[in-house]
Amino acid sequence: MLSIRLNDGEAIARSCLSCDEQLGLEIGTSLAMFRHFIARKIWTVDMNERIIPSHAAKKNEVNE
């Protein structure tokens, strides 16, 4: 299984772009998936804190 993860301190948008490039996806696909995982509650985030793609990701959890 291929695993792409956000690097500590790296901006969400930059990590997603790197993922798109590594997997040969259309630019923006990984960022759309990031948002989809949050919306579907696959990734748990603090919804009281604003998610800004140009900033690093805050701590989050993956729900299996």
Side-chain angles (χ1 to χ4, degrees):
M1 177 178 183
L2 179 62
S3 176
I4 303 294
R5 52 185 286 229
L6 295 173
N7 296 320
D8 290 336
E10 186 173 23
I12 296 167
R14 186 172 305 279
S15 291
C16 290
L17 178 60
S18 176
C19 181
D20 289 341
E21 291 171 347
Q22 289 176 37
L23 298 175
L25 302 172
E26 183 178 333
I27 293 173
T29 302
S30 296
L31 187 56
M33 292 303 299
F34 177 84
R35 292 176 173 149
H36 174 77
F37 291 153
I38 292 170
R40 298 283 299 162
K41 298 182 181 176
I42 295 168
W43 287 343
T44 302
V45 297
D46 182 357
M47 294 304 288
N48 293 316
E49 292 190 36
R50 189 170 179 202
I51 299 170
I52 304 171
S54 61
H55 293 165
K58 305 280 185 187
K59 298 246 184 221
N60 55 51
E61 297 178 14
V62 175
N63 302 314
E64 296 184 37

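Side chains included, hydrogens not; waters and symmetry mates left out as well; all remaining heavy atoms used.
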Under 3.5 Å, sequence neighbours excluded: what are the donor-acceptor pairs made by side chains of residues 24-39?
unit_1	atom_1	unit_2	atom_2	d
T29	OG1	E26	O	2.7
S30	OG	D20	OD1	2.5

Report the residues that fulfil side chain to side chain contact (heavy atoms under 4.5 Å, CB included) with E49, sequence neighbours left out, ordered by chain and then residue number. D46, K58

Which residues satisfy the side chain to side chain contact (heavy atoms under 4.5 Å, CB included) test with H55, sequence neighbours excluded? I52

Would I42 end up clustered with V45 when hydrophobic side chains under 4.5 Å apart are linked, directly or stepwise?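 As far as the 4.5 Å side-chain criterion goes, V45 and I42 are connected within one cluster.
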
